[in-house]
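Below you'll find the structure, written out as structure tokens, and then a few comments.
For ligands, and for the atoms within them, numbers begin at 1 and follow the listed sequence.
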Amino acid sequence: MVLPDDCQYHIALRAADLGSATTALLPGDPDRVEPLARRLAQAVGGTLEPLARHREFTSCRLQWAQGCVVICSTGIGGPSTAIATEELARLGITRFLRVGTTGAIQPHIEIGDLVISRAAVRLEGASHHYAPAAYPAVAGFDTTERLVAAARATQVPWHLGITASSDTFWPGQERYDSYSGYVRRDFQGSLAEWRALKVANFEMEAATLLTQCSVMGLEAGCLCGVIAQRVDSEVVDTSAYERISERWTQLLAKALSEGL
Ligand code: URA
């Protein structure tokens, strides 16, 4: 493939596509990019421009009177998240905000609630290509502060906590409803231990994003909607997705209108 000038190999975007955007919103699923952009466009009174679609990376630009952001899917997990982050950073993005779904592991967090990550446990592999294991996966203070301020202003049910990021949906999150039903010994009892250590939730991308942005000197945050309550279930409640979408749209519209 021959790439025109600064067109990035994986995300198929070039700097001009981003307009004046320096913030990227990062859902995991390519099919969530446009619905998220449409809801936000309605909430902030903006317009959207579809940009590119290549592999797991679908993108569009949202422009409104006071600002502009790019929305780009990361795919699932650390490796593809690291690629999207690297290529968006090369094009001039300096603030990265994951907008995804998660499984809560604390009993007081309910399906449909939002979780803002202040840090992440690095159970995944990709972050270890950026920094040694002792390095913390910590969210950008400015981004987190803005998310918390928006959450308080909109009164959506939200929590601030430590997130555990796993490379796998089944064994790494101690799910037994897999094909084999087996969880290797290292992970047996891990959910209860993370809960005892006050970890709020499981997902698959935050640790990579937070570590990578820290080592690159860039801002990052993570906002997830709870789609599974893991205290006594392994089920993903897809019926909660609509409620979650409404809530993160409210929160993000407020944060964006305040200059996120
Ligand atoms: N995403 C995850 O990684 N885990 C869940 O339980 C739900 C969403």
*Same hydrophobic cluster for Leu26 and Leu223, using side-chain heavy-atom links shorter than 4.5 Å among ILVMFWY?*
no
*Looking at Ile227, which atoms of ligand 1 are within less than 4.0 Å of one of its heavy atoms?*
7 (C), 8 (C)
*For Ala228, counting its heavy atoms only, list the atoms of ligand 1 lying under 4.0 Å from any of them.*
6 (O)
*Are Glu87 and Leu13 side-chain neighbours, meaning at least one heavy-atom pair lies under 4.5 Å?*
no
*Do any N or O atoms from the side chain of Arg195 and from the backbone of Ile105 form a donor-acceptor pair under 3.5 angstrom?*
yes
*For atom 1 (N) of ligand 1, what is the nearest protein heavy atom, given as residue, atom name and distance?*
Thr101 O, 3.6 Å
*Val236: heavy atom below 4.0 Å from ligand 1, yes or no?*
no
_pair Glu86-His10: side-chain heavy atoms closer than 4.5 Å_ = no
_If the cut-off is 4.0 Å to any non-hydrogen atom of Phe169, which atoms of ligand 1 fall inside it?_
1 (N), 2 (C), 3 (O), 4 (N), 5 (C), 7 (C)
*asked:* At under 4.0 Å between heavy atoms, is it the side chain or the backbone of Thr102 that contacts ligand 1, or both, or neither?
replied: backbone
*Looking at Gln173, which atoms of ligand 1 are within less than 4.0 Å of one of its heavy atoms?*
2 (C), 3 (O), 4 (N), 5 (C), 6 (O)
_Residues Arg230 and Glu203 bridged, charged N to O under 4.0 Å_ = no
*Knowing that exactly one of Glu124, His128, His129, Arg98 qualifies, which makes a side chain to side chain donor-acceptor pair (under 3.5 Å) with Thr208?*
Glu124
*asked:* Counting non-hydrogen protein atoms only, what is the nearest one to atom 5 (C) of ligand 1? Give residue, atom name and distance.
replied: Gly103 N, 3.4 Å
_Where ligand 1 meets Met204 - atom numbers and elements under 4.0 angstrom, heavy-atom basis_ = 3 (O)
*Examine the proximity of ligand 1 to Arg175 and report which part, side chain or backbone, both or neither, has a heavy atom under 4.0 Å away.*
side chain
_Is it the case that atom CZ in Arg53 sees more than 12 heavy atoms from other parts of the structure closer than 6.0 Å?_
no
